[in-house]
Amino acid sequence: MEKLSVRLPDGSEMEHDRGTTVEEVAYDIGSRLGKDAVAGKVDGREVDLNYELEEDSDLEIITIDSEEGLDIYRHTASHIMAHAVKRIYDDVKLAIGPTIEEGFYYDLDLQESISEDELEKIEKEMEKINSEDLPIKRKELPRKEALKLMDEKNETYKIELIEELEDENISLYQQGDFIDLCQGPHLPSTGRLEAFKLLSVAGAYWRGDENNKMLQRIYGTAFPDQKQLEEYLKQRKEAQKRDHNKLGRKMDLFMTDQEVGAGLPLLTPKGAKVVQILQRFVEDEEEKRGYERTMTPLMARRDLYETSGHWEHYKDDMFVIGDEEKGEEVLALRPMTCPFQFKIYNSKIHSYRDLPVRFAETSTLFRNEASGEMHGLIRVRQFTISEGHLIVTPEQLEDEFRGVLKLINYMMETLGIKKDIWYRFSRWNPDKKEKYIDAPAAWRDSQEKMKNILDRLDLDYTVADGEAAFYGPKLDIQFKNVHGKEDTIITVQMDFALPERFDMTYVDEDNTEKRPYVIHRTSVGCYERTLAMLIEKYAGAFPTWLAPRQVMVIPISEAQYDYARKTAGILKSEGIRVDIDDSDEKLGYKIRQAQIEQIPYMLIVGDNEVQAETVSVRDRRDGDIGEMPLEDFKSMIKEEIDKKVSEIN
RNA sequence: GCUGACGUAGCUCAAUUGGCAGAGCAGCUGACUUGUAAUCAGCAGGCUACCGGUUCGAGUCCGGUCGUCAGCUCCA
């Protein structure tokens, strides 16, 4: 038998017979590795475990505990799911079935609509396919034959996909009578899947385009073993308990009302308090950093939006008032603050010495979101944002951009969310002409400028094409809600277009008029969304400085009411948000109420405390932390509030 | 806007094939005066989201509207 040499990632070399499979090599290295192997990488190319080595090569074994390995494993799960659906329903056409961060999905086109109750049935069929342990085989067919095969199977979506591939040979994977277009690699047989679960069904447009047919998407996940799957499901359930949309209502932070309308949350006193604290903090901080405050109208004539380009690129998202056909004046509620602050800038002639001009406004905006898009406090039709615009000379652009980022980072650190966010560089999509101002050269130039700044800042960021504002590229700060859905919380935008449209100028040293740059930015983004994020981050247990109620004084009986009032009065005079629970209940009950409300501190006062002029302090997390003089408690909580301590103990 | 699920007391949820709308918590009243996560008793609470239809009879079946949830599209 002819031999060949296999070089492993650690540099060592092994000798094997020609035709040895990747899996055999893995077992030869170690039985544990053989068991954990899901695929291999031969000379950097991913291959199946049953791939036969034909020549000397570099080999890496991909194991289930790597991200790559889990991905391959889940991809096989998605094939098994599609196979099961094909067995159960008639006329199923396959679209795409990729893996995602926490599992996989498959988009399918079928007449019948699959309801969530039917997932169990599909799971059962998957189990059957699993126990049949069908071998999964890779096949390569010439384009023509692959197209012919898919045509015979009436897989119109696959045909579309193959037609876009440039490869001579098309790779397919087959298990039993199920065959799918796929790059692979895959597990060697359907029996290798250990633990999986289908999670939900939803509609999804073919190729993500709303003009295309809506397909049925089934979401599922798979894990190397049952224990890990159960752990994941448990975590998922736990995370959903933090859902701001449930918790925020339960904790009486906000409400909605059918008669008021969708996407129009009402902040109740406690929620409004948190937002007020945030706003004051942001406004004070902006002032310290050289921002000037404006207050501008919530609506304007159509003409203003025609100048800004909103009328052309953003009209569908605006609330327009007044019917032109009836000869009425046409106004629109503002979706952004920029045009208004630009008007203020333009009301004067500016010297280069005036720049940078930094305008800030706690600004309420209106956007006519489509009906299915509203979500709790995260996606609403009216929101208030820590808006700001910096008008700068080209030379100042980078420094000011850095200054904005510094402010933003300070905000995120203070809110304790620095570790929960990531940066996204959002660029335009040249193909979507209607979405963006048509100025390709300016787009490329400003994106280049932004990229250079980001790279010089050594910022770790992802890139998203088609996520820019209509007037310029953005640096978005993203977070994930409890459902794993990504949203923008803060944004910094570079604008080359609106200074032009508004003919904004400054007079430079050489006495010529020049065009400034504009940076649009938010400090914490919109307060509603920020509140939602904080609810989920802290599971309702806000840091003391943000807590709508910071202290609850709990007298044990009526005998201590006077002392309780005195205690509360002293704290209140220090600006601490304190209440007394003088309900006719037992101590345990009152503590429970305060615990549920996540009030940071409970001060229990009985006869002992009255005698000693002390309070017994109960921390919402650590429980009873002992008796202390009121003065001591006062300075302790004041320090915590002043330092805006946000860490979870 | 699209796909699917859903809407019963303030909240969480029951109500058999269409046959008298019910419980716990919260609320109110009273008793209890309490030492670190739920004291007991009584009372009250409803045009079953809204509008229309089928039926002797609709919370339940059908149609529409509004709203909610998950996803898609869109987005701060």
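In this structure, U34(B) makes no Watson-Crick or G-U wobble pair, since no nucleotide meets both defining distances under 3.5 angstrom. Judged by Watson-Crick or G-U wobble contacts below 3.5 Å, the nucleotide C50(B) has G64(B) as its partner.
The phosphate of C75(B) (OP1 or OP2) has a side-chain N or O of Lys435(A) nearer than 4.0 angstrom. Residue Ser371(A) has a polar side-chain atom (N or O) positioned under 4.0 Å from OP1 or OP2 of G1(B). For Lys474(A) and A76(B), the shortest distance from a side-chain N or O to OP1 or OP2 is below 4.0 Å. For the pair His375(A) and A70(B), the criterion of a side-chain N or O lying under 4.0 Å from OP1 or OP2 is met. At C74(B), none of the side-chain N or O atoms of Lys485(A) fall inside 4.0 Å of OP1 or OP2 (strictly under the cut-off).
Summary of the strand contacts: Tyr219(A) and Gly466(A) both lie near RNA chain B, and taking for each the nucleotide with the nearest heavy atom, the more 5' one is attributed to Tyr219(A).
Going from the P atom of A21(B) to that of C28(B) covers 29 Å, rounded to whole Å. Going from the P atom of G4(B) to that of G63(B) covers 13 Å, rounded to whole Å. Look at the C1' atom in both A49(B) and G67(B): the space between them is 7 Å, to the nearest Å. A gap of 15 Å separates the C1' atoms of G46(B) and C11(B), to the nearest Å. Between U39(B) and C32(B), the distance separating the two C1' atoms is 7 Å to the nearest Å. Using atom P as the reference point in both C6(B) and C62(B), the two lie 11 Å apart (nearest Å).
Under the 4.5 Å side-chain criterion, counting only non-hydrogen atoms from C-beta, Leu198(A) is not in contact with Tyr219(A). For the pair Phe254(A) and His244(A), the minimum side-chain heavy-atom distance is below 4.5 Å. Contact check for Tyr232(A) versus Glu102(A): side-chain heavy atoms found under the 4.5 Å cut-off.
Checked by distance alone, Glu373(A) brings a side-chain donor or acceptor within 3.5 Å of a matching partner on the base of U73(B). The base of G1(B) does not come close enough to the side chain of Glu369(A) for any donor and acceptor atom to sit less than 3.5 Å apart. Judged by distance alone with a 3.5 Å cut-off, no donor-acceptor contact links the side chain of Tyr205(A) to the base of G71(B). Donor-acceptor pairing under 3.5 Å, judged by distance alone, is present between the side chain of Asp584(A) and the base of C32(B). With hydrogens and angles ignored, no donor-acceptor pair under 3.5 angstrom links the side chain of Glu597(A) to the base of A37(B).
Nearest to the side chain of Ile556(A), among C72(B), C75(B), G35(B), sits G35(B). In the set C74(B), A70(B), G4(B), C74(B) carries the atom at the smallest distance from any side-chain atom of Lys432(A). Out of G4(B), A37(B), A76(B), the shortest distance to the side chain of Arg618(A) is found at A37(B). Checking U36(B), C72(B), C66(B) against the side-chain heavy atoms of Gln258(A) singles out C66(B) as nearest. In this structure, of G35(B), C69(B), C72(B), it is G35(B) that holds the atom nearest to the side chain of Ile604(A). In the set U39(B), C72(B), C75(B), C75(B) carries the atom at the smallest distance from any side-chain atom of Arg529(A). Among the nucleotides C75(B), A37(B), G67(B), the one closest to the side chain of Arg379(A) is C75(B). Picking from G35(B), A38(B), A70(B) the nucleotide with the shortest atom distance to the side chain of Arg592(A) gives A38(B). Taking every side-chain heavy atom of Asn608(A) into account, G35(B) is the closest of G35(B), C72(B), G67(B).
Checked against the 6.0 Å centroid threshold, Phe496(A) and Trp443(A) count as a close aromatic pair. Between Tyr436(A) and His313(A), a ring centre-to-centre spacing not shorter than 6.0 Å is recorded. For Tyr461(A) and Phe425(A), the gap between ring centers is short of 6.0 Å.
Using a 4.0 Å heavy-atom criterion, one finds that Gly376(A) contacts the sugar-phosphate atoms exclusively. Contact annotation for Asp607(A): base contact, defined as any heavy-atom pair under 4.0 Å involving a base atom.
A straight line from CD of Glu528(A) to P of A76(B) spans 15 Å, rounded to a whole angstrom. A straight line from CG of Asp109(A) to P of C2(B) spans 18 Å, rounded to a whole angstrom.
Remark: ring of Tyr589(A) does not overlap the six-membered base ring of A37(B) in a stacked fashion, as centroids less than 5.5 Å apart with planes less than 30° apart are not both met.
Ion pairing of Lys121(A) with Glu125(A) is absent here, as no side-chain N (NZ or NE/NH1/NH2) approaches a carboxylate O to less than 4.0 Å.
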